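Here is the structure we will look at.
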Protein chains: 2
Amino acid sequence: MPDELTHPDRAAIRIDQVLHALADPVRLTIVRELAKLAEGTPCGTIDLPVSKSTRTHHIRTLREAGVVRVRPSGTARITTLRRDDLDALYPGLLDGILNAPH
Amino acid sequence: MPDELTHPDRAAIRIDQVLHALADPVRLTIVRELAKLAEGTPCGTIDLPVSKSTRTHHIRTLREAGVVRVRPSGTARITTLRRDDLDALYPGLLDGILNAPH
DNA sequence: CTCGTAGTACGACGAAATTCGTACTACGAT
DNA sequence: ATCGTAGTACGAATTTCGTCGTACTACGAG
């Protein structure tokens with residue numbers, strides 16, 4: 001019984017939470033991979049050095065901050081970057097991070 | 001006997017630490033104010049809802065992450081944003097944050 | 001229907017971060 | 001030389017965060 005996959009709408013996204021969400025190595029990896037992956041790839045394909053529950057926790061953090069959008073698809077979840085919203089709110093921020101030296 | 005005011009040079013700046021440094025409300029306020037203030041304004045002029053020691057702690061965090069440069073000037077400290085370095089490393093990032101809706 | 005897989009919920013533990021007060025140093029002014 | 005001010009250092013208390021294991025739900029395949 002997963003809690004409803006709630007997402008903040010664009011106006012409710014807070015820069016504090018976005019930065020906090022991005023300030024973790026694992027979550028930064030997720031965001032970077034999502035940016036490279038084709039749209040519609042299940043998030044489970046990204047391999048991370050953490051357990052399954054930790055992965056869930058990080059995806060949740062990113063979702064609640066407004067960084068990613070999560071959509072159910074069977075038993076899996078399709079996770080996508082909210083590029084449009086982030087670019088509209090903070091132009092340059094996302095690209096600045098994605099183009100950063102790893 | 002303050003520890004030497006060490007600063008990472010540009011190549012040593014890590015995106016993880018920069019994001020972590022910016023992911024705090026107080027530090028974000030400091031960065032925003034520094035961006036507005038004239039160069040050479042002592043950092044003590046920014047008023048924050050925290051104690052003196054907490055302020056020191058946050059400035060230190062920003063300095064060690066490579067976000068600000070701190071230079072002694074008498075008993076005061078001149079704190080400046082490292083715009084040049086940040087813009088070179090992560091073009092768009094700083095402006096994206098500074099232009100964000102408060 | 002049964003089984004396997006993807007993901008979540010919950011509780012817990014340890015690490016790290018924020019905050020503060022107090023004591024201290026350093027510099028400038030009187 | 002003495003005093004006041006700006007900032008730092010240190011230790012402590014509280015909180016938050018990241019991590020995990022286990023138990024659970026939901027959906028699809030056979």
Side-chain angles (χ1 to χ4, degrees), chain A residues 1-7 14-34 37 40-80, chain B residues 1-7 14-34 37 40-80:
Chain A
M1 172 223 297
D3 285 346
E4 292 304 321
L5 290 178
T6 57
H7 297 78
R14 304 276 198 104
I15 185 73
D16 285 71
Q17 294 182 20
V18 171
L19 289 172
H20 172 256
L22 296 173
D24 177 273
V26 175
R27 291 193 290 263
L28 198 52
T29 300
I30 296 174
V31 169
R32 286 222 177 89
E33 290 301 314
L34 286 176
L37 255 46
T41 308
C43 62
T45 57
I46 304 174
D47 79 333
L48 299 167
V50 294
S51 74
K52 206 166 47 162
S53 20
T54 303
R55 179 199 313 264
T56 296
H57 165 74
H58 285 308
I59 299 280
R60 182 196 193 89
T61 301
L62 288 168
R63 172 175 56 81
E64 291 178 348
V67 178
V68 302
R69 184 161 279 135
V70 183
R71 172 169 47 93
S73 168
T75 80
R77 299 276 184 277
I78 309 293
T79 306
T80 54
Chain B
M1 174 223 299
D3 286 345
E4 290 306 319
L5 290 178
T6 58
H7 297 77
R14 303 277 199 101
I15 185 72
D16 286 70
Q17 294 182 20
V18 171
L19 289 171
H20 172 256
L22 296 173
D24 178 273
V26 176
R27 290 193 291 262
L28 198 51
T29 300
I30 295 174
V31 169
R32 285 223 176 89
E33 291 300 315
L34 286 178
L37 254 47
T41 309
C43 63
T45 58
I46 305 174
D47 78 333
L48 299 167
V50 295
S51 74
K52 205 167 46 159
S53 21
T54 302
R55 180 198 313 261
T56 296
H57 169 254
H58 285 307
I59 298 279
R60 180 196 195 91
T61 300
L62 289 168
R63 172 174 56 81
E64 290 178 346
V67 178
V68 302
R69 199 177 302 272
V70 183
R71 176 168 45 95
S73 169
T75 82
R77 300 277 183 275
I78 308 294
T79 305
T80 56

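All values derive from a computational prediction rather than experimental measurement. Proteins come first, then strands; the chains are lettered A, B, ... in the order of their sequence lines, and each starts at number 1.
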(request) Apply the test side chain to side chain contact (heavy atoms under 4.5 Å, CB included) to residues A:Thr54 and A:His58: give CA-CA distance (whole Å), side-chain angles for both, the deciding distance (0.1 Å), then the verdict. (result) CA-CA 6 Å; A:Thr54 303; A:His58 285 308; 3.6 Å; yes
(request) Would you kindly give the CZ-to-C1' distance between B:Arg77 and D:dG7, to the nearest whole Å? (result) 6 Å
(request) Could you tell me whether a side-chain N or O of B:Arg63 sits under 3.5 Å from a main-chain N or O of B:Thr6, the two making a donor and an acceptor? (result) yes
(message) Whole angstroms only, please: what is the CG-P distance between B:Leu62 and D:dG7?
(response) 15 Å
(request) Work out which heavy atom in A:Ile30 is nearest to a heavy atom in A:Ile46; give both atom names and the distance. (result) O-CD1, 4.1 Å
(request) Take the protein atom CG of B:Leu22 and the nucleotide atom P of C:dT18, then report the distance between them rounded to whole Å. (result) 12 Å
(message) As a test of reading the structure: which of D:dA9, D:dT8, C:dG7 is closest to the side chain of B:Arg60, going by heavy atoms?
(response) D:dA9
(request) Report the distance from atom CG of B:Leu48 to atom P of C:dT18, rounded to the nearest whole Å. (result) 14 Å
(request) Quick one: closest heavy-atom pair of B:Ala21 and B:Val67, and the distance? (result) CB-CG2, 4.2 Å
(message) Please report the distance, rounded to the nearest Å, between CZ in A:Arg63 and C1' in C:dA9.
(response) 13 Å
(message) If the cut-off is 4.0 Å, is B:Thr75 near the phosphate of D:dT5, judged by side-chain N/O to OP1 or OP2?
(response) no
(message) Run the side chain to side chain contact (heavy atoms under 4.5 Å, CB included) test on A:His7 and A:Val70 for me, step by step, so that the C-alpha distance in whole Å, both residues' side-chain angles and the decisive distance to 0.1 Å come before the verdict.
(response) CA-CA 8 Å; A:His7 297 78; A:Val70 183; 4.1 Å; yes
(request) Heavy atoms under 4.0 Å is the rule here; annotate nucleotides 11-21 of chain D 5' to 3' with B where the base is hit, S where only the sugar-phosphate is, and - elsewhere. (result) ------SSBBB
(request) Could you state the atom-to-atom distance from CD of B:Glu64 to P of C:dT18 in whole Å? (result) 12 Å
(request) Take atom CD1 of B:Ile59 and atom P of D:dA6, then tell me their distance rounded to the nearest Å. (result) 15 Å
(message) Tell me the interatomic distance from B:Arg55, atom CZ, to D:dA6, atom C1', rounded to whole angstroms.
(response) 10 Å
(message) Counting only heavy atoms not in B:Arg32 (residues, nucleotides, ligands), do more than 12 fall under 6.0 Å from its CZ?
(response) yes
